[in-house]
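Note that these values count all heavy atoms, side chains included, but never hydrogens, waters or copies made by symmetry.
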Amino acid sequence: MTSSPRHLFVTTALPYANGPFHIGHIMEYIQADIWVRFQRMVGNKVHWMGADDAHGAPIMLKAEAEGITPEQLVDRIASDRPKYLNGFHIHFDNWHSTHSPENTALTQLIFRNLDAAGLVEKRPVEQFFDPVKNMFLADRYVKGECPNCHTQDQYGDACEACGKAYEPTDLINPRSTLSGATPVRRTSDHFFVKLSDPACKQFMREWLNATVDGTPRLQPAVKNKASEWLEGQGDQELTDKDISRDAPYFGIPIPDAPGKFFYVWFDAPIGYLASLKNYFDSGKARANGESRSYEEFLAAPDVEQIHFIGKDIIYFHTLLWPAMLKFAKQKVPNNVYVHGFITVSGAKMSKSRGTGISPLRYLEVGMNPEWFRYYIAAKLNANVEDIDFNPEDFVARVNSDLVGKYVNIASRMAPFLAKFFDNRMPALPAQTAALSAAFERANEIRESFEEREFSRAIRLAMEIADKVNAEVDQYKPWILAKDAASNAANLQKLGEICASAIATFKALTLFLKPILPALAEQAEEYLNSGPLTWDLFAQGSTPAKFLPTGHAFGTFKPLITRVDPKQLDALFESANEAAKKQPEAPASSQQASSQQPPAGEITVDDFAKIDIRVAKILAAEFVEGADKLLKLTVDIGDAQRTVFAGIRSAYTPDQIVGRLTLVLANLKPRKMKFGTSEGMVLAAGPGGKDIFLLSPDAGATPGMKVK
RNA sequence: GGCUAGGUAGCUCAGCUGGUUAGAGCGUGGCACUCAUAAUGCCGAGGUCGUGGGUUCGAGUCCCACCCUAGCCA
């Protein structure tokens, strides 16, 4: 079972440093963290690297808007990271930044090597240029009329109305969203990586289809998708990748090309290596038991490079990135493991709309991070599938599995052990269904973790937990205990069930440890076992060796509490409230007050997108389980809508039924715990009792548009 | 429009290369129990496996078409 340890260089996608972590980041980290912890438990050496993705136009522009430098913005975001990571027990071995000397050196090196390999080409590109801001405009910063269906206000890459894709230069009446100016066409030289080069394509083909130790390098769905891009014909053909941007740009300068910078997507993945380099150069690698140098480590054939990513960045990690590395004479990734997105109650998460779960709020309302880790793990497998966070399911799953089944085992046995056996391990019976099951299933569970089939690992573990609880019921220890002090036979039977159950609890603790590190640590303390590892199931291990008779236990303390549904209410309400009050505000200025400075300027066209109408409130009712919401039925002229409004603290249903107010009618419907809200009632005020519904003057009728 | 993945009990999901009456957990109905953080055990109800064809002695499991969902591409 234990051969020479594997050496794993693991990464997770670098978060863009223009905002705090969202729940999707946390999910990816939890997936990787579980896998990494598991690998360590089986004796492998892991070096898990993270970093902030710091470059690019969005960060440059956001910093400018806030009146700070990009470095200051990135530093501020970075300083916020640890409380999320620590909060969810996510333990990176190093965290660095793409805006670093290491990344600059590595990026320039890789570029030079690619150039020497003949994979770089310089070509003129004509693009829109903003004459006021004095910069070239990416597609997203140009808006105008769709040349196909003539819808106004469409972005430079594709029309949201008709779906037609085009070049920004095709737009009618284009304008810069940065300055409002009419952009002009201007030509500039760009650098391209020649992905279409036959040698490059041949390499990518081989890389995609390769196996690592007999198993495919990539998940089938990922390989298919990447192959589709690679083998595309005609206008689907794989194109060379533009990797340069003109000044002003917050990025890494291209050597010998004044005014040219690397496009953020070129230097971002190199950040994995930069973080690794920093980890080695700072001595952390050595402290972690790796005595080789950075160069030696990456050159060693036994080192495996593994990237965890989301499905949105498959292209970069399965085509561009391996090709870049290969032709720049660097180590090529062994595996790229792709996961899907997380949805909340079936709705896609969206930061700007306030759906989703704020990881920070989750921690702030006092919810246990291990509940979330467990729930995520219970849903994760090796497929590229989205997983859904469903509040009711979450409560049921955590309370039933963790408290009712797993922890309950120790909780039932601890009093007997203390009272009748001097808190020591009694002798095991000749046969124990539960402990045997743990031994039989250990290997399958181990493989499930290895394959990232966490949901299967949990299913198997819970099957065993069910067996323990059933076995306890068969023995009826509470009856044996009545005369165990005087009846030697009953005392022995009582000892048998205690021994079997507590040994199986130990096995379950080991199985669940990668998912629940803190809980496992407490359980280890009770079991007085020291850190549990998979050596316990190594060849030759037997139930008797697993937990020897006579072993002394510690003091049992409750290990985990149940989820209180009220905490979930708090989680969702605070998220919604925050979003409603200040959609894009940084966490540091969350103080809601009536004296906020006006938000950023918008144009008349922007305002035209907002469909506010006079509405009549036809019905209003309290929402059970939500102490801030009222459920309203409103007439907006041509239709009736259901709207959830956070105004319960200021209004009762009978105060507002029948009155007119204003409703944002084209707000994207949002699924909430209690139903779908199809709009937003407009109100002002700081909150609490001080919420004031807006009303039109007399004469207005439902359906009238505000303009 | 092309492509990819998926549509199995109220909910969340298992069902390997086609093979006896389609499984689990949660929830639900009944019963039992009281050691345990009102935890646990037993019994039951509940599915024409997205729809319609086809291949086969036999199909959630293979083939075709269609519908729906999510996503990728242009």
Side-chain angles (χ1 to χ4, degrees), chain A residues 148 157-159 162-167 219-239 310-315 318-319 338 340-343 345-348 375-376 378-381 383-420 444 448 453-482 484 494 497-498 501-502 505 556-564:
Chain A
N148 187 45
D157 51 354
C159 175
C162 70
K164 172 87 177 163
Y166 41 71
E167 293 298 314
Q219 293 133 286
V222 176
K223 193 191 82 178
N224 291 344
K225 197 73 227 174
S227 297
E228 195 183 313
W229 288 321
L230 177 61
E231 308 297 351
Q233 298 294 318
D235 60 355
Q236 308 265 322
E237 197 161 350
L238 187 71
T239 53
K311 63 183 182 181
D312 52 328
I313 51 177
I314 291 175
Y315 173 91
T318 60
L319 296 172
V338 184
F341 297 148
I342 182 167
T343 59
S345 300
K348 211 193 300 182
Y375 186 71
I376 292 295
K379 298 218 155 188
L380 272 178
N381 57 31
N383 299 338
V384 189
E385 286 171 3
D386 292 355
I387 65 173
D388 187 47
F389 181 96
N390 178 294
E392 288 81 28
D393 188 42
F394 172 81
V395 174
R397 195 83 201 227
V398 169
N399 288 350
S400 153
D401 284 8
L402 251 30
V403 182
K405 291 182 180 180
Y406 162 64
V407 166
N408 188 225
I409 299 167
S411 183
R412 307 177 80 163
M413 291 302 114
F416 293 127
L417 286 165
K419 188 168 175 193
F420 292 96
E444 202 178 334
S448 299
E453 290 282 354
F454 301 156
S455 63
R456 179 148 52 104
I458 282 183
R459 212 180 326 120
L460 291 167
M462 284 306 134
E463 240 172 66
I464 296 166
D466 285 341
K467 276 198 162 63
V468 183
N469 281 309
E471 198 175 53
V472 171
D473 268 54
Q474 280 163 22
Y475 267 87
K476 306 200 191 319
W478 54 94
I479 292 180
L480 300 171
K482 283 181 181 164
L494 180 61
I497 186 57
C498 286
I502 207 67
F505 175 77
F556 181 77
K557 290 177 234 145
L559 296 169
I560 193 165
T561 56
R562 313 169 72 77
V563 182
D564 181 351

Under 4.0 Å protein heavy-atom contact, by nucleotide of nucleotides 37-45 of chain B - B base, S sugar-phosphate only: B-SBS----
Spacing between A/Leu480 atom CG and B/U34 atom C1', to the nearest angstrom: 14 Å
Pairwise 5' ranking along RNA chain B for A/Pro477 and A/Lys311, keeping only the more 5' one: A/Pro477
Distance in angstrom units between A/Ile497 CD1 and B/A36 C1', rounded: 13 Å
Results of salt bridge (charged side-chain N to carboxylate O under 4.0 Å, His left out) for A/Arg456 - residues two or more places apart only: A/Glu451
Rounded interatomic separation in angstrom, taking CZ from A/Phe505 and C1' from B/A36: 12 Å
Side chain to side chain donor-acceptor pair (under 3.5 Å) partners of A/Arg459, counting only residues at least two apart: none
Whole-angstrom distance between B/C49 and B/C62, as gauged at atom C1': 16 Å
Residues in side-chain contact (heavy atoms from CB on, under 4.5 Å) contact with A/Asp466, at least two apart in sequence or another chain: A/Lys405
B/G23 and B/G46, which share atom name C1', separated by this distance in whole Å: 14 Å
Heavy-atom closest contact (A/Ile409 atom, A/Ala501 atom, distance): CG2-O, 3.5 Å
Assigned glycosidic conformation for B/G44 [threshold 90° from 0]: anti
Bracket notation of RNA chain B in which parentheses pair within the strand, [ ] cross earlier pairs, and | pairs with another strand (Watson-Crick or G-U, under 3.5 Å): (((((((..((((.....[...)))).(((((.......))))).....(((((..]....)))))))))))).
Atom-to-atom span, NZ of A/Lys223 to C1' of B/C72 - whole angstrom: 18 Å
Counterpart residues, side chain to side chain donor-acceptor pair (under 3.5 Å), relative to A/Asn383 (two or more places apart): A/Glu385
B/G27 and B/G1, which share atom name C1', separated by this distance in whole Å: 43 Å
Sequence neighbours excluded, every pair satisfying salt bridge (charged side-chain N to carboxylate O under 4.0 Å, His left out) that has a member inside residues 467-482 of chain A: A/Arg412-A/Asp473
Where protein sits on nucleotides 2-15 of chain B, one letter per nucleotide: B base, S sugar-phosphate only, - none, heavy atoms under 4.0 Å: -BSS------S-S-
Protein-nucleotide distance (A/Glu463, atom CD; B/G25, atom P), rounded to Å: 9 Å
Partners passing ring-ring contact (aromatic ring centres under 6.0 Å, His included) against A/Phe556 (at least two apart in sequence or in another chain): A/Tyr526
Between B/G15 and B/G54 - P atom distance, rounded Å: 30 Å
Nearest-Å distance once atom C1' is located in both B/G47 and B/U8: 8 Å
Interatomic distance at C1', B/C68 relative to B/A32, whole Å: 45 Å
B/C42 to B/U51 separation - C1' atoms, rounded to the nearest Å: 40 Å
A/Met462 CE to B/C26 P, straight-line distance once rounded to whole Å: 11 Å
Contacts of type side chain to side chain donor-acceptor pair (under 3.5 Å), residue A/Tyr315, not counting sequence neighbours: none
Electrostatic pair A/Asp393:A/Arg397 at N-O distance under 4.0 angstrom: no
Same-atom distance (P) from B/G52 to B/C16, integer angstrom: 23 Å
Within residues 398-417 of chain A or reaching into it, pairs that qualify as ring pair (Phe, Tyr, Trp, His ring centres under 6.0 Å) - sequence neighbours excluded: A/Tyr406-A/Phe505
Test salt bridge (charged side-chain N to carboxylate O under 4.0 Å, His left out) applied to A/Asp386 - qualifying residues, sequence neighbours left out: A/Lys311
Shortest non-hydrogen separation from A/Asn408 to A/Asn469 and the atoms involved: OD1-OD1, 3.8 Å
